[in-house]
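Working notes, beginning with the structure itself.
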Amino acid sequence: MRKAMGLLVGLMTSVAFASSPGGHDDSTPMEKEEQDVAAYILHHVVDSNEYEFEVPLGDHHIPIHLPQFGIPIRAGASCEPRDTGDGHGKAVPGWSEGCLDLSITKHTVMMWLAALLLVGSLLLFSNRDKSKLVPRGTAANLFEMLVLFVRDELAIKNIGKEEGPRYTPYLLTAFFFILFMNLLGLFPWMATATANIAVTLALALCTFVLTQIAGIRAAGLGGYLAHLTGGVAPWLWPIMIPVELLGLFTKPFALTMRLFANMLAGHIVIFFLLGLIFMLGHPAVALVSVPFAMGIYLLELFVAFVQAYVFTMLSALFIGMGVAMAHHHDEHHADAAHSHDHGRAHH
Amino acid sequence: MAEEKEPREGEKDGELSETARQMRAAEPYISAVWKLVGGAVVGVLGGYFLDKRLGTGPWLLLGLSLVGISVGFYGFLHEMNRLGKGRR
């Protein structure tokens with residue numbers, strides 16, 4: 001065990017040294033090294049049109065250019081990707097003006113991979129002898145445990161016994177998709193799609209739409225719209241309706257930021273700890289920063305599960321609050337009718 | 001009230017988690033607080049952007065901010081009153 005750990009730390013150190021952008025030239029000023037490390041970290045965390053394989057123990061990269069394409073949304077906009085000249089095919093300034101960028105990026109590839117893993121693993125592990133009640137094998141048992149956890153502990157406990165099972169398929173999809181995306185980011189040469197705000201926003205919007213559907217199902221379309229008026233007199237609606245509409249978006253906003261920030265921060269911390277070796281310019285720093293980075297890496301493994309759980313739990317909680325909207329609506333409705341009558345009586 | 005006699009969805013067997021129960025209980029109060037804050041936000045932002053578009057100096061910003069804050073206060077007090085009545 002100790003030998004294996006030593007080997008792993010050694011390997012990580014050598015990979016970290018090998019993948020330094022400018023090598024470890026002692027004559028480089030510290031400021032330049034800091035800038036290099038910052039640029040290196042950013043380059044590895046943000047999305048790009050280029051998939052880069054770094055060869056371990058060597059100082060060269062194998063770039064794979066992903067296809068770029070867009071749809072013109074303004075008249076006369078040209079969506080032809082231009083070559084930047086350096087052969088890297090990075091996003092061209094002005095290219096997206098009037099052009100909807102639908103290029104395939106590193107994070108898109110990661111999402112496809114996560115989706116493939118999700119479908120593949122669940123098809124494989126749910127395929128068992130249906131005549132026997134108990135699944136056999138570690139993977140089948142592990143997945144059954146996770147699926148049952150999402151259904152019993154998240155869906156039913158937060159939405160309710162009657163409505164919970166209706167939303168379980170969505171919650172399971174969200175849980176496993178996020179989990180796979182988070183875990184994929186921990187492998188070498190991979191990227192974390194959940195550290196991209198566009199991805200987390202899209203996921204949160206799915207929850208948002210489902211929450212609104214749950215509210216409409218529970219309170220009826222009329223009741224749902226009445227809820228948006230805030231239960232005040234009609235002449236106050238021009239202000240109150242925008243307030244309530246804005247209020248609807250606070251929950252998906254919280255979901256978006258939480259997942260995005262948590263996933264991004266962990267990776268930046270790992271890269272930064274390894275970057276310290278080059279910033280301080282002494283190999284001995286690796287003795288401290290590599291074990292620390294390993295610790296954070298293990299924490300990230302835990303965070304991958306926790307964030308998938310938190311997103312699913314909060315989604316279930318919000319959907320459950322949408323389901324419970326019918327009760328608030330009845331009170332609101334009675335009150336709005338009352339104030340309306342009151343207003344008329346005054347006239 | 002009718003809904004007080006009849007247990008709410010999911011509460012019948014007490015199978016809801018503590019968090020879900022507390023969030024559902026707190027939801028009307030969170031919504032009331034949002035009305036107070038949101039009124040000011042909508043008033044200030046609405047006034048700012050209308051001023052920018054119409055070039056009416058600071059007047060729409062000032063006016064709509066006051067209106068927004070007032071409506072926010074009204075909505076908050078109205079909701080609190082309603083919740084107070086419901087509890088009695």
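Model, not experiment: these values are computed from the prediction. Chain A is the first sequence line, chain B the second, and so forth, proteins listed ahead of strands; every chain is numbered from 1.
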Of all the heavy-atom pairs spanning Asn158(A) and Leu16(B), show the shortest one and how long it is.
-> C-CD2, 3.9 Å

Closest heavy-atom pair, Ala20(B) versus Lys157(A), reported as atoms and distance to 0.1 Å, is CB-O, 3.5 Å

Against chain B, label Leu246(A) side chain, backbone, both or neither, depending on which of its atoms sit under 4.5 Å from a heavy atom there.
-> both

Is atom [atom1] of [X] surrounded by more than 12 heavy atoms (other residues, nucleotides or ligands) closer than 6.0 Å?
X         : atom1 : result
Tyr170(A) : OH    : yes
Phe149(A) : CZ    : yes
Phe305(A) : CZ    : no

Would you mind checking which part of Val37(B) comes under 4.5 Å of any heavy atom in chain A, side chain (CB onward), backbone (N, CA, C, O), both or neither?
-> neither

For the pair Trp34(B) (side chain) and Val243(A) (backbone), establish whether a donor and an acceptor sit closer than 3.5 Å, ignoring hydrogens and angles.
-> yes

Output the distance between atom CD (Glu244(A)) and atom OG (Ser31(B)), rounded to the nearest 0.5 Å.
-> 5.5 Å

CG on Leu317(A) to OG on Ser17(B), rounded to 0.5 Å | 7.0 Å

